A.B. asks: 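Sharing a structure here in structure tokens format.
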Amino acid sequence: MQSLQLFPDKLADFGTTIFTVMSELANKHGAINLSQGFPNFPVDGELIGLVNKHMREGKNQYAPMAGVADLRQKISDKVLAATGTHYAPDLEITVTAGATQAIFTAVAATVSSGDEVIMFAPAYDCYAPAVRLYGGIPVFIDLLAPEFKVDWEAVRSAVTPRTRLMIVNTPHNPSATVWTKADMLQLGQILDETDILLISDEVYEHIIFDGVEHWSAARFDALAARTFLIASFGKTFHATGWKAGYVCAPEALMSRFRKIHQYLVFSVNTPVQYALADYLEEPARYQSVAAFYQAKRDLFLDALQGSRFTYLPAQGAYFQVLDYRAISDELEADFARRLTIESKVAAIPFSGFYPKEREQRILRFCFAKTDETILQAAEILRNL
């Protein structure tokens, strides 16, 4: 076969995601997979039944590009009840093939060559590649460990005339911390008097613990006016493989978002959309998620009592950060690999969430698992 001269690799600095790497390693060595963030328990049978019902009723062809009208109305009602902000279903809400697609599309709609995009490290690993693909320049600001607080003076200093976009994430992956009202007010003060847009990644909005409150960007009028609000049904309803999410944004922003969305995916799985619209009729189905996952967090931490790990209990999301420096001085990637191969428990090294190698002797563990899996993994970890 003829050898071709390949064009430049737009993502030459990025390899395979750490989630894929660690899950493959877990599968290869038969380890308990607490690395990649997906549940290993069933989706509610009623939700599955609704999908099946709509399939049998013939709702198997293309959905409207922006999403099934009933689902967009239910999303509008849900967000209004939670935040006090009304998004028009026809013009300001789009159903997406998961949150990552929504993030990529929002970046594509806003970022041009040379634009700077501020994001916070440790960061979910799709942010920087999306920015780079569209010619933007990622600007990272470190959250301050061990509580991973925002250094607001650093944020102010990072804003330049070239700053086009900022990406925030609360509840936060991977640190499992939650931004406060004061944080959101500081954010608003910085963005005020600028034309900087905001992507607010709130996929873990319903997974929040100990009475902590979720301060959505949509709860602040000045922020909502410049924000792409990103959410995930997959995270909320334990169905990550369905890749179903949505984005809310003011009409002017959504118009640009949809121009790209229509060519990227056109529309999202039709029977799943109809099923989600039906399922959202009972708010308790998502309002109960916090207590469900708090019980799993508590089970995991109680089972770790007596271990040499140190930690701050997760405030939100379904991850727990554990500091292992009392156990080993190995680099994070090395310790995570050895833990997977020898001890048969897989986790994510925190260094995988930074743009450059940074070592804090921290791993991220996912507790979105059955109680049996949690207890089995915790017993191993407790004895390290």
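Computed from a predicted structure; not experimentally measured.
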A.B. asks: Considering residues at least two apart in sequence or located in another chain, which fulfil the side-chain contact (heavy atoms from CB on, under 4.5 Å) criterion with Leu185?
C.D. replies: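 Per chain and number, Leu185 pairs via side-chain contact (heavy atoms from CB on, under 4.5 Å) with Lys181, Phe220.
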
A.B. asks: Identify, with sequence neighbours excluded, every residue that meets side chain to side chain donor-acceptor pair (under 3.5 Å) alongside Glu251.
C.D. replies: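 So Glu251 forms no side chain to side chain donor-acceptor pair (under 3.5 Å) with any residue.
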
A.B. asks: For Arg156, give me all partners under side-chain contact (heavy atoms from CB on, under 4.5 Å), at least two apart in sequence or on another chain.
C.D. replies: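 Result, side-chain contact (heavy atoms from CB on, under 4.5 Å) vs Arg156: Trp152, Glu153, Gln186, Gln189, Ile190.
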
A.B. asks: Taking only residues two or more places apart in sequence or in another chain, which ones pass salt bridge (Lys or Arg N to Asp or Glu O under 4.0 Å) with Arg338?
C.D. replies: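 Scan of Arg338 (salt bridge (Lys or Arg N to Asp or Glu O under 4.0 Å), adjacent residues dropped) gives Glu330, Glu342.
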
A.B. asks: Determine which pairs satisfy side-chain hydrogen bond (donor to acceptor under 3.5 Å, both in side chains) with at least one residue from residues 208-218, sequence neighbours left out, and list them in order.
C.D. replies: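 Those involving residues 208-218 are Glu202-His214, Glu202-Ser216, Asp210-Gln294, Asp210-Arg297, Glu213-Arg219.
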
A.B. asks: Excluding sequence neighbours, so at least two apart, what forms salt bridge (Lys or Arg N to Asp or Glu O under 4.0 Å) with Arg358?
C.D. replies: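 For Arg358, the residues satisfying salt bridge (Lys or Arg N to Asp or Glu O under 4.0 Å) (neighbours in sequence not counted) are Asp142.
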
A.B. asks: List for me each residue that meets side chain to side chain donor-acceptor pair (under 3.5 Å) alongside Thr370, sequence neighbours excluded, and say none if there are none.
C.D. replies: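 Applying side chain to side chain donor-acceptor pair (under 3.5 Å) to Thr370 gives Thr373.
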
A.B. asks: Applying side-chain contact (heavy atoms from CB on, under 4.5 Å), can you list everything that pairs with Ala231, at least two apart in sequence or on another chain?
C.D. replies: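 So Ala231 forms a side-chain contact (heavy atoms from CB on, under 4.5 Å) with Glu205, Tyr246.
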
A.B. asks: Taking only residues two or more places apart in sequence, or in another chain, which ones meet Asp371 in a side chain to side chain donor-acceptor pair (under 3.5 Å)?
C.D. replies: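 For Asp371, the residues satisfying side chain to side chain donor-acceptor pair (under 3.5 Å) (neighbours in sequence not counted) are Lys296.
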
A.B. asks: With sequence neighbours left out, write down each residue that passes side chain to side chain donor-acceptor pair (under 3.5 Å) with Asn173, or none if nothing qualifies.
C.D. replies: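 Side chain to side chain donor-acceptor pair (under 3.5 Å) check on Asn173 returns Arg364.
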
A.B. asks: Mind checking ring pair (Phe, Tyr, Trp, His ring centres under 6.0 Å) for Tyr274 and listing every partner two or more places apart, or none if nothing turns up?
C.D. replies: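 Residues passing ring pair (Phe, Tyr, Trp, His ring centres under 6.0 Å) with Tyr274: His54.
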
A.B. asks: Test of understanding: with side-chain contact (heavy atoms from CB on, under 4.5 Å), list the residues that count as partners of Ala99, not counting sequence neighbours.
C.D. replies: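 Ala99 satisfies side-chain contact (heavy atoms from CB on, under 4.5 Å) with Val203, Ile230, Ser232 once adjacent residues are dropped.
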
